[in-house]
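To start, the structure itself, in structure tokens.
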Amino acid sequence: MTPADAMNSEPHAQDDAAPAPVVDRTLPSALGESNTSPARTGVHHAATAPDQDDSAPLTDRTHRVAVPEGTLHVGEWHPDAEGTPWLLVHGVTASHLAWSWVARETEARLIAPDLRGRGRSTAPGRRTGLAQHADDLVAVLDAAGVDRAIAIGHSMGAFITAVLADRHPDRVERVVLVDGGLPLDLPEGMDPRDAVRHVLGPTAARLDRRFGSTTAYRDFWRAHPAFVGREDPLLDAYFAYDLVGEEPELRPATLFSTVEADSIDQNTGAAIATALERMPRPTRLLAAERGLRGEVPPLYPDLAAIERAHPRLRSATRVAGADHYSIVMSPEGARAVVREVRRSDGR
């Protein structure tokens with residue numbers, strides 16, 4: 001199976017059908033492998049991160065969860081692990097595979113959905129906003145049989161985890177915000193719609209493009225300043241999974257209209273403002289040293305000011321050398337995330 005075959009083997013994010021939830025243990029990866037291999041059967045295993053096959057970025061288990069108007073595609077790693085599960089929430093145009101690097105660095109149970117309008121989730125993006133995503137995550141926890149999780153969100157996912165903790169504090173033990181979740185320093189007077197492209201840059205611009213092959217799409221990202229010189233099978237799989245359609249008209253699974261609506265709510269909505277004012281669960285920020293294009297200043301240049309503005313925030317910590325992507329999508333960034341979660345637990 002080619003990467004293009006694998007990425008089209010599931011309904012994509014804009015399908016409106018709502019099939020009954022099923023457990024899918026045979027989803028091919030973007031590299032064309034099955035997660036029914038001996039090391040990936042959904043059974044907790046003792047292999048440490050360095051012993052794992054670098055060419056097999058599969059989750060251990062995948063399933064679908066019913067939400068209003070559709071289903072979410074959910075991946076899990078280490079589903080039989082003991083202890084409090086981690087609920088991992090990806091960024092505005094990402095997918096659950098953004099957490100593949102974190103999965104290498106911990107044996108905790110990891111539950112990572114494709115948010116509605118992204119990846120292989122069939123729930124359409126027309127139901128937008130942080131509150132809707134937060135309520136979807138409760139459905140994910142219910143389906144996984146999890147009463148309470150550690151909520152870890154990256155980028156827009158950090159804003160969603162903050163709202164989740166406020167709307168459903170009984171379902172969240174604590175929160176780790178990864179380069180997101182707190183107000184961004186946008187130019188004064190900028191229209192909220194203009195702010196989307198201002199912040200995301202080529203990340204948003206690609207959503208309107210078509211690509212002739214998975215190779216062409218990977219080459220697009222190779223030219224992105226945050227990914228220059230980075231060759232990694234996990235990145236290859238992540239970007240291949242991002243595409244839907246058929247060659248030569250492949251496109252990113254996420255629509256710009258979905259990104260725009262969620263980003264406006266993220267930057268101006270009441271749900272996040274209320275959540276940050278109340279911050280009912282212990283919350284920490286992990287911030288990158290550089291921005292989305294590897295630039296300085298980063299999204300959060302002044303951590304001391306952030307701590308003063310949000311006195312209920314437990315801490316704000318900088319990850320040296322990391323940009324907005326590599327803070328989760330690299331071995332070094334993933335290790336920093338895992339250390340922060342363990343530090344939050346007093347270890």
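In what follows, residues are counted from 1 in the order of the sequence shown.
- Judged as a salt bridge (charged side-chain N to carboxylate O under 4.0 Å, His left out), and not counting sequence neighbours, Arg314 has no contacts.
- The two atoms that bring Pro280 and Asp166 nearest to each other are CG-CA, 3.7 Å, heavy atoms only.
- Side-chain contact between Ile150 and Leu87: absent, with no pair of heavy atoms (C-beta onward) separated by less than 4.5 Å.
- Under a 3.5 Å cut-off, the side chain of His224 and the backbone N or O of Ala226 do form a donor-acceptor pair.
- Between the side chain of Arg281 and the backbone N or O of Val175, no donor-acceptor pair lies under 3.5 Å.
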**Request:** Decide side chain to side chain contact (heavy atoms under 4.5 Å, CB included) for Trp99 and His154; before the verdict, give the C-alpha distance in whole Å, the side-chain angles of both, and the deciding distance to 0.1 Å.
**Result:** CA-CA 9 Å; Trp99 299 105; His154 172 236; 3.8 Å; yes

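- The shortest distance between side-chain heavy atoms of Trp221 and Arg218 falls below 4.5 Å.
- Taking every heavy atom of both residues into account, Asp302 and Arg318 meet most closely at N-NH2, 4.2 Å.
- Neither side chain, Ser213 nor Glu247, offers a donor N or O lying under 3.5 Å from an acceptor on the other.
- Closest non-hydrogen pair, Phe159 versus Leu182, comes out as CZ-O, 3.2 Å.
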**Prompt:** After noting the C-alpha distance and the side-chain angles of Gln266 and Ile272, does the key distance pass the side chain to side chain contact (heavy atoms under 4.5 Å, CB included) rule?
**Reply:** CA-CA 7 Å; Gln266 168 188 302; Ile272 185 61; 6.0 Å; no

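- Within the structure, salt bridge (charged side-chain N to carboxylate O under 4.0 Å, His left out) contacts touching residues 153-162 (residues at least two apart or in different chains) do not occur.
- Leu250 is not listed as a side-chain neighbour of Val244, based on a closest heavy-atom distance of 4.5 Å or more.
- Between Arg171 and Asp142 a salt bridge is recorded (basic side-chain N to carboxylate O distance below 4.0 Å).
- A distance-only check finds no donor-acceptor pair linking the side chain of Arg284 to the backbone of Thr317 [under 3.5 Å].
- Remark: side-chain polar atoms of Glu307 are paired, donor with acceptor, to backbone N or O of Ala316 under 3.5 angstrom.
- No chain of hydrophobic side-chain contacts below 4.5 Å, direct or via other Ile, Leu, Val, Met, Phe, Trp or Tyr residues, connects Ile264 to Leu207.
- Remark: Arg148 does not engage Asp170 in a salt bridge, criterion side-chain N to carboxylate O under 4.0 Å.
- Here the closest heavy-atom approach between residue Val65 and residue Ala143 is recorded as CG2-CB, 3.6 Å.
- Taking a cutoff of 4.0 Å between a charged side-chain nitrogen and a carboxylate oxygen, Arg126 and Glu69 qualify as a salt bridge.
- At a threshold of 4.5 Å between side-chain heavy atoms, the hydrophobic network of Ile, Leu, Val, Met, Phe, Trp and Tyr places Tyr300 and Met190 in two separate groups.
- Of the possible donor and acceptor atoms, one in the side chain of Arg174 sits under 3.5 Å from a partner among the backbone N and O of Val341.
- Here Ser263 contributes atom OG and Leu200 contributes atom CG; the two are 5.5 Å apart, rounded to the nearest 0.5 Å.
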**Derivation and outcome, side chain to side chain contact (heavy atoms under 4.5 Å, CB included), residues Arg339 and Glu105** = CA-CA 10 Å; Arg339 283 195 301 269; Glu105 302 298 332; over 6 Å; no

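- The CG atom of Leu97 sits 8.5 Å away from atom OH of Tyr238, with the distance rounded to the nearest 0.5 Å.
- Rounding to the nearest 0.5 angstrom, the gap separating the OG1 atom in Thr106 from the CH2 atom in Trp77 is 12.0 Å.
- Separating the CD1 atom in Ile160 from the CG atom in Leu177 is a distance of 12.0 Å, to the nearest 0.5 Å.
- Thr62 contributes no side-chain N or O that, together with a main-chain N or O of Gly75, makes up a donor-acceptor pair within less than 3.5 Å.
- Summarising the geometry of Pro311 relative to Arg308, their closest heavy-atom pair is CD-O, 3.8 Å, with the distance given to 0.1 Å.
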For residues 108-115, run the donor-acceptor check on the side chains, cut-off 3.5 Å, and write out each pair with its distance to 0.1 Å, sequence neighbours left out.
unit_1: Arg109; atom_1: NE; unit_2: Glu76; atom_2: OE1; d: 3.0
unit_1: Arg109; atom_1: NH2; unit_2: Glu76; atom_2: OE1; d: 3.1
unit_1: Arg109; atom_1: NH2; unit_2: Glu76; atom_2: OE2; d: 3.4
unit_1: Arg109; atom_1: NH2; unit_2: Ala144; atom_2: O; d: 3.3
unit_1: Asp114; atom_1: OD1; unit_2: His96; atom_2: N; d: 2.8
unit_1: Asp114; atom_1: OD1; unit_2: His96; atom_2: ND1; d: 2.8
unit_1: Asp114; atom_1: OD2; unit_2: Arg120; atom_2: N; d: 2.9
unit_1: Asp114; atom_1: OD2; unit_2: Tyr241; atom_2: OH; d: 2.5

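- Heavy-atom neighbours of Glu231 CD from other residues, nucleotides or ligands within 6.0 Å: above the threshold of 12.
- Separation of atoms CG (Leu299) and CG (Leu292) is listed at 5.5 Å; rounding is to 0.5 Å.
- In this model, a donor atom of one side chain and an acceptor atom of the other lie less than 3.5 Å apart for Thr122 and Thr71.
- The salt bridge (charged side-chain N to carboxylate O under 4.0 Å, His left out) pairs that include a residue from residues 129-141 are Arg116-Asp136, Asp135-Arg167, where partners are two or more places apart or lie in different chains.
- Arg118 and Thr254 share no donor-acceptor pair across their side chains, judged by distance under 3.5 Å alone.
- In terms of modelled atom types and a separation under 3.5 Å, the side chain of Thr274 and the main chain of Ala270 share a donor-acceptor contact.
- For residues 204-214, the pairs satisfying salt bridge (charged side-chain N to carboxylate O under 4.0 Å, His left out) are Arg197-Asp208, Arg206-Asp242, with sequence neighbours left out.
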**Request:** Evaluate the criterion ring-ring contact (aromatic ring centres under 6.0 Å, His included) for residue pair Phe227 and Phe239; output intermediate values, then yes/no.
**Result:** CA-CA 12 Å; Phe227 293 97; Phe239 291 125; 5.4 Å; yes

Donor-acceptor pairs are to be reported for all side-chain atoms of residues 319-331 against protein atoms at under 3.5 Å, with residues two or more places apart or in another chain.
unit_1: Asp323; atom_1: OD1; unit_2: Tyr325; atom_2: N; d: 2.8
unit_1: Asp323; atom_1: OD1; unit_2: Ser326; atom_2: N; d: 2.7
unit_1: Asp323; atom_1: OD1; unit_2: Ser326; atom_2: OG; d: 3.3
unit_1: His324; atom_1: ND1; unit_2: Asp179; atom_2: OD2; d: 2.6
unit_1: His324; atom_1: NE2; unit_2: Ser155; atom_2: OG; d: 3.0
unit_1: Tyr325; atom_1: OH; unit_2: Thr203; atom_2: OG1; d: 2.5
unit_1: Ser326; atom_1: OG; unit_2: Asp323; atom_2: N; d: 2.9
unit_1: Ser330; atom_1: OG; unit_2: Ser326; atom_2: O; d: 2.7
unit_1: Ser330; atom_1: OG; unit_2: Gly333; atom_2: N; d: 3.0

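- No side-chain heavy atom of Phe211 sits less than 4.5 Å from a side-chain heavy atom of Pro248.
- Atom-to-atom distance recorded for Asp262:CG and Thr93:OG1 is 11.5 Å, nearest 0.5 angstrom.
- Crowding of Asp219 atom CG: a count of heavy atoms from other residues, nucleotides or ligands under 6.0 Å exceeding 12.
- When all heavy atoms of Ala253 and Gly119 are compared, the closest pair comes out as CB-O, 3.7 Å.
- Looking only at side-chain heavy atoms (C-beta outward), Val74 and Arg61 stay at 4.5 Å or farther from each other.
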**Request:** Kindly indicate, with the supporting measurements, whether the criterion side chain to side chain contact (heavy atoms under 4.5 Å, CB included) is fulfilled by His73 and Ser95.
**Result:** CA-CA 10 Å; His73 178 81; Ser95 73; over 6 Å; no

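- Counting only heavy atoms from C-beta outward, the side chains of Ser121 and Arg64 never approach each other to under 4.5 Å.
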